[in-house]
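In this text, all values refer to a predicted model and were calculated from it rather than measured experimentally.
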Amino acid sequence: MLVDYRMWVVAGAAVGAGYLAVSRPKQAEPVPEPVPTPLPAKVTFAEHVAPIIYKKCATCHRAGEVAPFSLTSYEDVRKRADMVALVTGSRQMPPWKTRPTDVSYQNDNHLSEQEVALIKNWADAGAPLGDAKKAPTPPPPAKDWAMGTPDLVVGMSKPFKLGAEGVDEYWNFVIDPQLKETVYVNGIDVKPGNKRVVHHVIAFLDKSGRSERLAHGPKARDGGYLTTGGGIGVMPSGSLGGWAPGVSGGRLPEGAGYRLDPGTKIVLQVHYNKSGKPEIDQTKLGLYFLKQPATTPARIAWLANPFINIPAGDNAVHFRQTVPVPVDATVYSVMPHMHKLGKAMKATAVFPDGSKKVLVDVDDWDFNWQLVYTFREPLHLPKGSKVVIEATYDNSSDNPHQPSDPPRNVRWGEATNDEMMLLVVSASFKGRWGFID
C-alpha cells in the first residue's frame with residue numbers, strides 16, 4: 001500500500017507543540033557558489049555560450065519539444081541574444097526554482113553566476129560567433145520516447161476538446177491499465193498530445209474506485225472530469241510521478257519500483273493553459289517495468305500540513321512542520337507544492353546525531369513551475385531522523401498572484417484560491433510505518 005498523507009499528519013502531530021508554528025520567517029542565509037573564474041577577454045558563442053545553451057536550454061527549445069522556438073543553432077540564439085541574457089539574468093529561465101542545497105540533483109538545470117555572466121557579456125558584445133569549429137554538436141530533435149519504447153503505453157481514451165479562453169483547467173482521466181498481475185514501475189515518461197496547452201501532467205493511483213464514479217458525474221465529459229486544481233477530488237492511493245516542461249522521463253535506481261496491482265486505476269491529471277483558440281489533446285503515459293519484483297519497493301509519501309490558516313493582508317506568514325521518521329528510509333526525490341499565495345518552501349533532513357542536510361530550498365515559489373527534484377544519489381534517512389518543512393505565504397494585495405480581491409483568510413483546500421503546504425517524497429522504507437504494508 002502506498003503512503004496516505006493522513007499518516008504523515010498523525011506522525012507530525014506526535015512531536016507535540018513544535019509540529020506547527022506561525023511566525024515571521026528569518027532571512028535565509030545565502031548559499032555560496034564556487035568563486036567564479038575571471039571571464040575570458042572575448043566571449044564567443046562557439047566556445048562559451050553554446051555549451052550552456054545546448055545543455056540547459058535546448059532540452060525544451062528544440063524541434064519536437066514544448067518551447068515555442070528552437071535554440072539549436074548560432075542563428076537561433078544570436079537573434080534572441082538580448083532576450084536570452086535578460087531571462088537568464090532574472091532567473092526566469094531556465095526553470096529551476098531551488099537554491100543550491102546540501103544534495104545534488106540528477107536534473108539540475110540552474111545556471112551558475114559565471115554562466116549568467118558569460119551570456120550577458122556575449123550579448124553585450126554583439127553576440128559574436130567565434131570559431132565555429134569549436135562549437136559543440138547541437139542536440140538532436142526530441143525522440144518519440146526519451147527512454148526507449150515503454151513496456152506499456154496508456155492514455156486518454158478519446159481526444160479531449162479544450163475551450164479557447166478562460167481560466168486554467170485541471171482535467172482527470174481515469175485509465176484502467178488492465179493488468180493481469182502485479183508489476184513494479186521503475187520509470188515513466190509522458191507524451192503530451194498538444195504541447196501548446198498541456199502545462200503539466202501527474203499520474204495518480206486510485207484503488208478505491210471513487211475516481212471512476214467522478215468520471216461519470218456532472219463535471220465529466222470526453223472521458224475526463226474537472227477539478228479545481230491541486231488534487232483529483234478523492235484521496236489518491238499514491239502516484240507514479242509527473243511531467244512538466246523541461247522534465248524528461250526518468251527512472252528510479254535499479255531494483256526500486258512503485259507497485260501497481262491489477263484493478264488499480266491510473267488517474268492522469270492534466271493541467272491545461274488555454275491558447276485563445278479551441279484545442280484538442282490526447283496525452284499518453286509510458287510505463288517502464290522492472291523485470292523482477294522490486295527489491296526496494298518505492299512509495300510516494302505526502303508530507304501534508306492541513307492545519308495552515310493564512311490571515312488576509314499578511315505578506316509573510318510562516319509555518320514550520322516537523323515530521324519524524326520512525327523507520328529507515330531511502331529518499332529518491334522531493335517536490336514542494338503550494339498554490340498562488342506561496343512564497344517559499346524549504347525542507348531539511350535532521351539526522352539522529354543532530355547533523356542536517358537541506359533537501360530543497362525554493363525561495364521564489366512559482367505555481368507555474370512545480371518541479372520534481374531527483375537526487376543524484378539516493379539519500380539514506382536512518383530511523384530517528386526528522387524532516388523539517390518550512391513554508392512562507394503572501395496573502396496581501398501586493399502579491400501579483402493573489403487570486404482574491406480583496407484578500408480573504410485562506411486555509412487548506414483543493415481549489416486554486418485555497419492553499420496547500422505539501423512536500424511530495426519518493427522513497428523506500430525498511431519496515432512498517434503507520435498505514436504502510
Side-chain angles (χ1 to χ4, degrees), residues 2-5 7-9 11-12 28 31 95-110 187-188 200 202-204 230-231 236 238-244 246-253 256 258 296-305 319-325 327-339 342-351 355-367 369-382 385-392 420-429 433 436:
L2 297 177
V3 179
D4 186 320
Y5 90 91
M7 178 272 291
W8 291 87
V9 172
V31 178
W96 187 256
K97 305 307 293 182
T98 185
R99 303 192 310 158
T101 66
D102 298 317
V103 297
S104 58
Y105 307 97
Q106 286 184 20
N107 53 336
D108 191 337
N109 207 37
H110 95 287
I188 69 167
H200 75 253
I202 301 176
F204 292 96
S239 171
L240 298 176
W243 171 92
V247 177
S248 58
R251 292 181 182 267
L252 294 170
Y258 301 115
T296 51
R299 302 174 175 110
I300 297 289
W302 312 81
L303 279 67
N305 180 357
F319 298 91
R320 186 176 186 272
Q321 176 186 19
T322 299
V323 182
V325 182
V327 297
D328 288 345
T330 301
V331 180
Y332 307 121
S333 68
V334 295
M335 185 188 82
H337 176 73
M338 298 186 285
H339 290 179
K343 286 183 66 176
M345 184 179 286
K346 180 180 180 180
T348 304
V350 182
F351 297 90
S355 62
K356 301 177 181 181
K357 280 192 175 182
V358 176
L359 307 180
V360 66
D361 185 6
V362 175
D363 65 350
D364 61 341
W365 171 258
D366 186 338
F367 186 71
W369 291 112
Q370 301 187 43
L371 304 179
V372 177
Y373 300 93
T374 302
F375 301 153
R376 191 174 300 279
E377 297 292 339
L379 178 68
H380 178 60
L381 292 183
S385 300
K386 299 174 184 178
V387 178
V388 178
I389 306 165
E390 301 170 84
T392 305
M420 288 189 178
M421 177 178 169
L422 175 64
L423 185 74
V424 183
V425 179
S426 171
S428 294
F429 302 95
W433 182 3
I436 302 175

Taking all non-hydrogen atoms of both residues into account, name the closest pair between [X] and [Y] and its distance.
X    : Y    : value
I300 : S239 : CG1-O, 3.0 Å
P95  : N109 : O-ND2, 3.9 Å
A391 : M345 : CB-CE, 4.1 Å
L371 : P336 : O-CD, 4.1 Å
D102 : V358 : OD2-N, 2.8 Å
W365 : H337 : CH2-CA, 3.8 Å

Going from [atom1] on [X] to [atom2] on [Y], what distance comes out if it is rounded to the nearest 0.5 angstrom?
X    : Y    : atom1 : atom2 : value
K346 : E390 : NZ    : CD    : 6.0 Å
I389 : N305 : CD1   : CG    : 8.0 Å
K343 : D363 : NZ    : CG    : 10.5 Å
L359 : L423 : CG    : CG    : 7.5 Å
M338 : F367 : CE    : CZ    : 11.0 Å
H200 : W369 : NE2   : CH2   : 11.5 Å

Could you pull out all residues at least two apart from [X] that satisfy side chain to side chain contact (heavy atoms under 4.5 Å, CB included)?
X    : answer
S355 : F351, D353
T296 : A256, Y332, S428
A427 : V331, V425, F429

Tested for side chain to side chain contact (heavy atoms under 4.5 Å, CB included) against V387, the lone hit among V350, L381, V334 is L381
Counting distance only, does the side-chain N/O of [X] pair as donor-acceptor with the main-chain N or O of [Y] below 3.5 Å?
X    : Y    : result
T330 : H380 : no
W302 : G238 : no
T348 : K357 : no

With a 4.5 Å heavy-atom cut-off, do V103 and R376 have their side chains touching? no
Sorted by chain and residue number, the salt bridge (charged side-chain N to carboxylate O under 4.0 Å, His left out) partners of D108 (sequence neighbours excluded) come out as none
Quick one: list whatever passes side chain to side chain donor-acceptor pair (under 3.5 Å) with S426, sequence neighbours left out. Y258
So, using ring pair (Phe, Tyr, Trp, His ring centres under 6.0 Å) as the criterion, who are the partners of Y373 when residues are at least two apart? W96, Y105
